[in-house]
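Heads up: numbering here begins at 1 and tracks the sequence. Computed from a predicted model, the values in this text were never measured in an experiment.
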Amino acid sequence: MRFILDLVEEEPHAYFKRFAAALTRLGRAEVQMQPELLEVLQRSTPGDVAMLAGLMKAFNARNPLIKVSFAFDDLNRAFAVSSSYPFWAKEHMLRGYMTSREQATNLYHLLRSVVVSQVPGDVVELGCHEGITAVVLQKTLDEHASDQRLHVFDSFEGLPAPGVEDWRDGVPATEAGALAVGEERVRRTFEKYGARVPEIHKGWFNDTLATELPARIAFAHLDGDLYASTKVSLEYVYPRLSRGAVVVVDDYHDPDLLPSTWSLFPGVKRACDEFLADKPETMQPLLAGHECHAYFAKA
């Protein structure tokens, strides 16, 4: 994926001025700029734009529900405006603000690849919250007339207490009981979107995974948020994976590859990297807007 991120404009400031002038030459009302403003932009230097970007970042840091940015991705990247949003500045989100459209699209295509390739086994989601991503998975199976069964696992009591691996900047990433949603909420979500209700497994992962996971797994979506939850998920899911099975892990953030995405749950990456350290698979980060996730395919 890294090559995609390398395909960016090297001098966004200069290109921005050319782009602004090109829009003006189109003569269309929706892209017209005020002549006075266009003249100012044409005279602007990188220092001028950097000063404006600094004001944007200062505003964003103190206003979590409102953000300002350039209408030009390269400028936002060049001056780090896109990394100045608080983690709760959600864009392109599905209902519930837990999953972005980009993440849902990645899930769709990865699950579709498993179905089309006829990888044997069922589909599992560990950590389903109110069931939005589970609906995406079920709708994908239905679209391809797959008879693979969807299983969802959740405590329905919220997250367990975070461990030391889940601390970020000297404080825990979350607290025990956070994100609690009842089982009935999941059923209502599936009913609302006309999707077949999955096999629902209620309980802590340590109590349910050993005996209730399907014998063979073709696709798994792991969304445990914390180090221990992610580690135990991998320990039980991995031995059941068919060859070619895909595992997508939510909240896996590689800061070296995607520095603009803030790591909300740092324990997730640590758990994955430790578990796969002696195995042939490696995590592959996915582009997902302001959110983050990654996957691996069973060798």
Side-chain angles (χ1 to χ4, degrees), residues 96 98-99 103-104 106-107 110-111 114 119 121-138 140-141 148-163 165-166 173-174 176 178-183 185-187 189-190 197-242 245-252 264-265 267-276 281 283 286 291-298:
M98 302 293 287
T99 302
Q103 286 175 303
N106 289 337
L107 288 172
L110 288 169
L111 177 53
V114 164
V119 177
D122 283 339
V123 177
V124 300
E125 180 171 66
L126 278 54
C128 65
H129 197 242
E130 64 180 39
I132 294 296
T133 54
V135 166
V136 172
L137 299 177
Q138 185 61 59
T140 303
L141 293 173
Q148 291 166 296
R149 196 72 176 103
L150 173 62
H151 300 254
V152 299
F153 293 75
D154 203 290
S155 71
F156 297 110
E157 297 181 32
L159 296 174
E165 301 89 351
D166 302 301
T174 186
L179 304 177
V181 170
E183 178 182 345
R185 181 77 167 273
V186 176
R187 296 184 183 277
T189 297
F190 273 75
V197 177
E199 296 284 346
I200 299 177
H201 305 263
K202 181 178 180 179
W204 300 105
F205 293 166
N206 281 322
D207 300 327
T208 59
L209 298 183
T211 58
E212 298 182 32
L213 279 171
R216 287 195 298 179
I217 296 173
F219 183 94
H221 182 225
L222 309 186
D223 192 6
D225 294 338
L226 303 178
Y227 172 87
S229 301
T230 304
K231 197 75 172 287
V232 71
S233 297
L234 289 166
E235 289 169 353
Y236 283 112
V237 166
Y238 187 87
R240 293 169 169 81
L241 295 174
S242 300
V246 169
V247 177
V248 180
V249 184
D250 195 55
D251 296 307
Y252 182 100
L264 176 57
F265 295 115
V268 172
K269 182 178 186 299
R270 179 172 176 179
C272 293
D273 292 349
E274 288 180 3
F275 181 81
L276 294 176
E281 298 84 9
M283 297 299 295
L286 294 159
E291 304 300 302
C292 56
H293 61 176
Y295 82 102
F296 70 86
K298 184 65 167 62

In the structure I gave you, are the side-chain heavy atoms of [X] and [Y] within less than 4.5 Å of one another anywhere?
X      : Y      : result
Pro214 : Val124 : yes
Val246 : Leu111 : no
Ile217 : Val237 : yes
Phe153 : Leu213 : yes
Tyr252 : Lys269 : yes
Leu234 : Leu276 : no
Tyr295 : Asn106 : no
Glu125 : Asp223 : no

For [X], enumerate each residue passing the ring pair (Phe, Tyr, Trp, His ring centres under 6.0 Å) test, keeping only those at least two apart in sequence or located in another chain.
X      : answer
Phe275 : Tyr238
Phe156 : none
His151 : His201

Going by the rule side chain to side chain contact (heavy atoms under 4.5 Å, CB included), which residues pair with [X] if we only count those two or more places apart in sequence or in a different chain?
X      : answer
Arg216 : Pro120, Ser242
Ala245 : Val119, Leu241, Lys298
His129 : Met98, Leu179, Val181

Starting at [atom1] of [X], measure out to [atom2] of [Y] and round the result to the nearest 0.5 Å.
X      : Y      : atom1 : atom2 : result
Asp250 : Cys292 : CG    : SG    : 7.0 Å
Asp166 : Phe265 : CG    : CZ    : 8.5 Å
Ser233 : Leu222 : OG    : CG    : 5.0 Å
Leu110 : Leu286 : CG    : CG    : 6.0 Å

Could you tell me whether the side chain of Asp154 and the main chain of Cys128 form a donor-acceptor pair under 3.5 Å?
yes
Using atom types as modelled and distance alone, determine if a side-chain donor or acceptor of Gln148 lies under 3.5 Å from a backbone N or O of Gly121.
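It does hold such a pair.
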Go through Gln138 and Leu141 one step at a time and tell me if the side chain to side chain contact (heavy atoms under 4.5 Å, CB included) criterion holds.
CA-CA 5 Å; Gln138 185 61 59; Leu141 293 173; 4.2 Å; yes
Can you name the nearest heavy-atom pair linking [X] to [Y], along with the distance?
X      : Y      : result
Thr208 : Lys202 : CG2-O, 3.6 Å
Val248 : His293 : CG1-ND1, 3.8 Å
Glu281 : Ala297 : CG-O, 3.2 Å
Leu107 : Phe219 : CD2-CZ, 4.0 Å
Gly131 : Phe190 : O-CE1, 3.8 Å
Val268 : Asp225 : CG2-O, 3.3 Å

Run Thr140 and Val123 through side chain to side chain contact (heavy atoms under 4.5 Å, CB included) and show every step you take.
CA-CA 11 Å; Thr140 303; Val123 177; over 6 Å; no
Evaluate side chain to side chain contact (heavy atoms under 4.5 Å, CB included) for Leu159 paired with Ser229, printing each intermediate quantity in order.
CA-CA 9 Å; Leu159 296 174; Ser229 301; 5.7 Å; no
Does the pair Arg187 and Ile200 meet the rule for a side chain to side chain contact (heavy atoms under 4.5 Å, CB included), with working shown?
CA-CA 9 Å; Arg187 296 184 183 277; Ile200 299 177; 3.8 Å; yes
